[in-house]
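All figures in this text were calculated on a predicted structure; none of them were measured in a lab.
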Amino acid sequence: MKVCTETLKRVLSKMYGKAITRADYQIEEMQGGSASSVQLITGTAETGGGNRLPYKVILKAVKKADCPVDPNSWRREYDLLKSGFGNLFTDTLRWPMCFHAEMNDEETETQLWLEYVDGVSGDGLTAEMFERAAYEIGRFQGRLYAEQPPVLQKIPNLSKPDIKKGYYFLRRTQKLYGFIRSDNCGIPKHLCKMLIDMDENADDLWNRIEQLPAVLCHRDVWMENIFYSDGKVTLIDWDTAGWGYLGEDIACLIADEADHEYMLDRYRRCVPAYYKGFSEYADISHISDHCIPEQILLMYGYKLVEWYLKASEAGWAEAQTLNINTLQKIYEIRGSLIR
């Protein structure tokens with residue numbers, strides 16, 4: 001991606017609160033998505049007085065992409081940044097500051113100049129940090145649920161509450177549906193039965209989930225999107241954000257590409273922390289069935305079967321075992337006494 005030096009100077013002027021007259025830069029490609037390019041831009045900026053300031057900033061470009069379940073997700077972060085959504089955050093739960101956001105004339109690509117977030121992320125996150133993230137997400141969602149700030153009703157591009165249901169039916173292909181019922185399926189029988197029971201009771205499971213309060217969700221809370229520093233949490237990548245159900249983000253926090261060895265401990269820590277945070281603003285003591293194990297299974301069951309089958313076809317025995325072990329942890333979570 002080519003960097004416009006004039007835009008870069010405007011971005012850095014806003015970042016430092018003083019006029020930047022010159023800036024050099026280097027580009028490092030970061031992990032993006034299928035429709036996005038993420039680059040770390042670093043260098044030295046100069047002010048009119050000759051002061052030299054080192055900088056880091058993120059440039060995220062997202063191209064229009066077809067998503068059958070959530071068609072406008074490609075531009076959602078741009079829309080949220082323009083809406084005043086950022087005013088809803090607090091000092092302890094926030095998103096990256098945006099210095100500049102633009103859409104091209106054809107409305108097919110956005111460019112976001114974002115704060116470089118420093119902190120612990122990914123595999124570096126400890127159990128205590130995950131627990132703190134769950135607590136802060138609970139407080140954030142509980143406050144918005146209780147206060148219902150008007151800006152939430154004015155944002156035009158938030159994903160709908162049934163998005164996860166749509167993904168469940170999309171992933172439940174005829175191939176995978178038949179595979180877990182076949183004699184040559186290498187997934188242990190008790191795990192196949194868990195998945196088959198899920199299918200047979202899917203309507204009832206979704207109906208139970210849909211009785212829960214609808215809350216503003218990030219919808220992609222996995223370890224690479226969490227940054228922790230000094231007791232504060234920053235969540236990046238809000239392109240799937242929208243209305244979901246109580247506990248959905250915690251289901252994601254526990255199970256999305258998680259290390260299976262820590263899933264049960266994370267479940268036992270994060271669920272109570274989430275409800276503690278939420279309950280600081282809203283009384284949910286009447287809810288006896290939070291359905292987080294059910295949400296985990298519905299959201300990730302078929303995804304893990306798909307990954308297992310691909311690993312099997314490729315001859316990747318280690319990946320097959322990893323997916324089976326993750327399904328086993330979901331099985332154990334469903335048998336947990338924490339409900």
*Asks:* Using modelled atom types and a 3.5 Å cut-off, is there a donor and acceptor pairing between side-chain atoms of Asp283 and backbone atoms of Ser285?
*Replies:*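 Here the side-chain-to-backbone pair exists.
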*Asks:* Is the NZ atom of Lys9 crowded by more than 12 outside heavy atoms at less than 6.0 Å?
*Replies:*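 Check passes, neighbour count above 12.
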*Asks:* When you measure from the side chain of Tyr267 to the backbone N and O of Ile254, does any donor-acceptor pair fall under 3.5 Å?
*Replies:*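 Not at all, since once roles are kept as given, no pair shorter than 3.5 Å links the two residues.
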*Asks:* Please assess Val215 against Leu144 for the test side chain to side chain contact (heavy atoms under 4.5 Å, CB included), listing each intermediate value before the final yes or no.
*Replies:* CA-CA 8 Å; Val215 297; Leu144 298 188; over 6 Å; no
*Asks:* Can you tell me if Thr108 and Asn104 form a side-chain donor-acceptor pair at under 3.5 Å?
*Replies:*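 The answer is yes; a qualifying pair exists.
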*Asks:* Can we say Arg334 and Asp197 salt-bridge, meaning some charged N sits less than 4.0 Å from an Asp/Glu carboxylate O?
*Replies:* no
*Asks:* For a quick test of reading the model, state the closest non-hydrogen atom pair linking Gly301 to Leu327 and the distance between them.
*Replies:*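 Between these two residues, the closest heavy atoms are O-CD2, 4.1 Å.
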*Asks:* Working to the nearest 0.5 angstrom, can you tell me the gap between Ser83 OG and Leu81 CG?
*Replies:*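 Reported value, rounded in 0.5 Å steps: 7.5 Å.
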*Asks:* So which heavy atom on Cys217 is nearest to which on Gly244, and how close?
*Replies:* SG-CA, 3.7 Å
*Asks:* Any chance NZ of Lys303 has more than 12 other-residue heavy atoms, nucleotides or ligands included, within less than 6.0 Å?
*Replies:* yes
*Asks:* Can you tell me how the ring of Tyr145 sits relative to the ring of Phe278, calling it parallel under 30°, perpendicular over 60° and tilted otherwise?
*Replies:* tilted
*Asks:* Is there side-chain contact between Ile155 and Asp79, with heavy atoms separated by less than 4.5 Å?
*Replies:*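 The answer is no; the side chains never approach within 4.5 Å.
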*Asks:* Ignoring hydrogens, what is the shortest heavy-atom contact between Tyr55 and Asp24? Give both atom names and the distance.
*Replies:*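 Residues Tyr55 and Asp24, closest heavy atoms: OH-O, 2.6 Å.
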*Asks:* Has Ser312 got a side-chain atom pairing as donor or acceptor with Tyr308's backbone, closer than 3.5 angstrom?
*Replies:*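 No.
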*Asks:* In this structure, would Met97 and Ile41 fall into the same cluster of hydrophobic residues linked by side-chain contacts under 4.5 Å?
*Replies:* yes
*Asks:* To the nearest 0.5 Å, what is the distance between CD (Gln26) and OG1 (Thr44)?
*Replies:*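 Going from CD on Gln26 over to OG1 on Thr44, the span is 7.5 Å.
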*Asks:* Could you point out which residue of Lys160, Arg219, Arg76 forms a side chain to side chain donor-acceptor pair (under 3.5 Å) with Asp70?
*Replies:*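 Checked Lys160, Arg219, Arg76 against Asp70; only one passes side chain to side chain donor-acceptor pair (under 3.5 Å): Arg76.
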*Asks:* Does Gln295 use its side chain to pair, donor to acceptor, with the backbone of Leu246 at less than 3.5 Å?
*Replies:*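 Side chain of Gln295 to backbone of Leu246, a donor-acceptor pair under 3.5 Å: yes, one is there.
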*Asks:* Taking His218's backbone N and O only, do any of them form a donor-acceptor pair with Thr240's side chain (distance below 3.5 Å, no angle check)?
*Replies:* yes
*Asks:* Just wondering, do Ile58 and Ile236 contact through their side chains at under 4.5 Å, heavy atoms?
*Replies:* no
*Asks:* Is Asp118 salt-bridged to Lys56, going by a charged N under 4.0 Å from an acidic O?
*Replies:*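 A salt bridge is absent here (no side-chain N lies under 4.0 Å from a carboxylate O).
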*Asks:* Does the distance from a Lys or Arg side-chain N to an Asp or Glu carboxylate O, for Lys310 and Glu313, drop under 4.0 Å?
*Replies:*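 Glu313 and Lys310: not salt-bridged.
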*Asks:* Return the CD to CE distance between Glu109 and Met103, rounded to the nearest 0.5 Å.
*Replies:*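 Going from the CD atom of Glu109 to the CE atom of Met103 covers 10.0 Å.
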*Asks:* Is it the case that the ring center of Trp238 lies less than 6.0 angstrom away from the ring center of Phe89?
*Replies:* yes
*Asks:* Got more than 12 heavy atoms from elsewhere within 6.0 Å of NZ, Lys154?
*Replies:* no
*Asks:* In the structure I gave you, are the side-chain heavy atoms of Leu53 and Leu12 within less than 4.5 Å of one another anywhere?
*Replies:*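 Side-chain contact under 4.5 Å: no.
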*Asks:* For His190 and Gln328, does a side-chain donor sit closer than 3.5 Å to a side-chain acceptor?
*Replies:*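 Result is yes, a qualifying pair exists.
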*Asks:* Starting from Leu264, can I reach Ile292 by hopping between I/L/V/M/F/W/Y residues whose side chains sit under 4.5 Å apart?
*Replies:*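 In one cluster: yes.
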*Asks:* Considering only NZ, NE, NH1 and NH2 on the basic side and carboxylate oxygens on the acidic side, decide whether Glu107 and Arg75 come within less than 4.0 Å.
*Replies:* yes
*Asks:* For a 4.5 angstrom cut-off between non-hydrogen side-chain atoms, does Lys164 reach Leu298?
*Replies:* no
*Asks:* Examine Arg171 relative to Tyr302 and say whether NZ or CZ is less than 6.0 Å from the centre of the six-membered ring and inside a 45° cone about the ring axis.
*Replies:* no
*Asks:* Going by heavy atoms in the side chains, are Val233 and Leu93 under 4.5 Å from each other?
*Replies:*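 Counting from C-beta outward, Val233 and Leu93 do come under 4.5 Å.
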*Asks:* Indicate the atoms forming the closest heavy-atom contact of Cys185 with Phe179, along with that distance.
*Replies:*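 It is CB-O, 3.1 Å.
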*Asks:* Counting N and O atoms only, with roles assigned by atom type, does the side chain of Thr21 sit under 3.5 Å from a partner on the main chain of Glu46, one being a donor and the other an acceptor?
*Replies:*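 Between the backbone of Glu46 and the side chain of Thr21 there is a qualifying donor-acceptor contact (under 3.5 Å).
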*Asks:* For the side chain of Ser121 and the backbone of Met223, is there at least one donor-acceptor N/O pair under 3.5 Å apart?
*Replies:* yes
*Asks:* Using side-chain hydrogen bond (donor to acceptor under 3.5 Å, both in side chains) as the criterion, list what pairs up with Asp203, not counting sequence neighbours.
*Replies:*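 None.
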*Asks:* Could you tell me which non-hydrogen atom of Gln141 sits nearest to which non-hydrogen atom of Leu216, and how far apart they are?
*Replies:*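 It is NE2-O, 3.2 Å.
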*Asks:* Taking the side chain as C-beta and beyond, is there a heavy-atom pair between Pro96 and Phe227 under 4.5 Å?
*Replies:*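 Answer no - side chains too far apart.
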*Asks:* How many angstroms lie between CG in Leu8 and CZ in Arg22, if you round to the nearest 0.5 Å?
*Replies:*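 Going from the CG atom of Leu8 to the CZ atom of Arg22 covers 11.0 Å.
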*Asks:* For Asn207, does the CG atom sit with more than 12 other heavy atoms under 6.0 Å from it, leaving out its own atoms?
*Replies:*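 Atom CG in Asn207 is packed in, count exceeds 12.
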*Asks:* Any luck finding a side-chain donor-acceptor pair between Thr7 and Arg10 under 3.5 Å?
*Replies:*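 A pair is found: one side chain offers a donor N or O, the other an acceptor, under 3.5 Å apart.
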*Asks:* What about Leu297 and Tyr177, same hydrophobic cluster or not, with Ile/Leu/Val/Met/Phe/Trp/Tyr joined at side-chain heavy-atom distances under 4.5 Å?
*Replies:*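 Cluster IDs for Leu297 and Tyr177 match.
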*Asks:* I'd like to know if Asp237 and Lys60 make a salt bridge, using a cut-off of under 4.0 Å between side-chain N and carboxylate O.
*Replies:*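 The answer is yes: the pair qualifies as a salt bridge.
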*Asks:* Is the closest side-chain donor-acceptor distance between Asn157 and Asn72 under 3.5 Å?
*Replies:* no
*Asks:* Tell me whether Ser13 contacts the main-chain N or O of Ile20 through its side chain, where contact means a donor paired with an acceptor under 3.5 Å.
*Replies:*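 Confirmed, Ser13 side chain pairs with Ile20 backbone.
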*Asks:* Near Gln148 CD, under 6.0 Å, is it more than 12 heavy atoms from other residues, nucleotides or ligands?
*Replies:* yes
*Asks:* For residues Tyr262 and Tyr331: do they belong to one hydrophobic cluster (side chain heavy atoms under 4.5 Å, members Ile, Leu, Val, Met, Phe, Trp, Tyr)?
*Replies:*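 In one cluster with Tyr262: Tyr331, no.
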*Asks:* Is a side-chain N or O of Ser37 found less than 3.5 angstrom from the main chain of Ala61, in a donor-acceptor match?
*Replies:*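 Between the backbone of Ala61 and the side chain of Ser37 there is no qualifying donor-acceptor contact (under 3.5 Å).
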*Asks:* Taking side chain as C-beta onward, heavy atoms only, is Leu304 less than 4.5 Å from Trp307?
*Replies:* yes
*Asks:* Can you tell me if Asn184 has over 12 outside heavy atoms packed within less than 6.0 Å of its CG?
*Replies:* yes
*Asks:* Is the shortest distance from a Lys or Arg side-chain nitrogen in Arg132 or Glu136 to a carboxylate oxygen in the other one below 4.0 Å?
*Replies:* yes
*Asks:* Which value, rounded to the nearest 0.5 Å, describes the distance between Thr90 atom OG1 and Phe140 atom CZ?
*Replies:* 8.0 Å
*Asks:* Can you name the closest pair of heavy atoms from Phe85 and Val151 and give their distance?
*Replies:* N-CG2, 4.5 Å
*Asks:* For Glu128, is there an ion pair with Arg269 - N to carboxylate O distance below 4.0 angstrom?
*Replies:*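 Salt bridge flag = yes for Glu128 with Arg269.
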*Asks:* To the nearest 0.5 Å, how far apart are CG in Leu253 and CG in Asp249?
*Replies:*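 Answer rounded to 0.5 Å: 8.5 Å.
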*Asks:* I'd like to know if the side chain of Asp162 pairs up with that of Tyr168 as donor and acceptor (distance under 3.5 Å, no hydrogens or angles considered).
*Replies:* no
*Asks:* Would you check, one step at a time, whether the test side chain to side chain contact (heavy atoms under 4.5 Å, CB included) holds for Tyr167 with Met299?
*Replies:* CA-CA 8 Å; Tyr167 278 118; Met299 289 161 60; over 6 Å; no
*Asks:* When clusters are formed by joining ILVMFWY residues with side-chain heavy atoms under 4.5 Å apart, either directly or through shared neighbours, do Trp222 and Ile163 land in the same one?
*Replies:* no
*Asks:* Do the side chains of Leu212 and Ile284 get nearer than 4.5 Å, heavy atoms only?
*Replies:* no
*Asks:* List the steps and the verdict of side chain to side chain contact (heavy atoms under 4.5 Å, CB included) for Lys63 and Trp74.
*Replies:* CA-CA 7 Å; Lys63 294 183 178 180; Trp74 71 273; over 6 Å; no
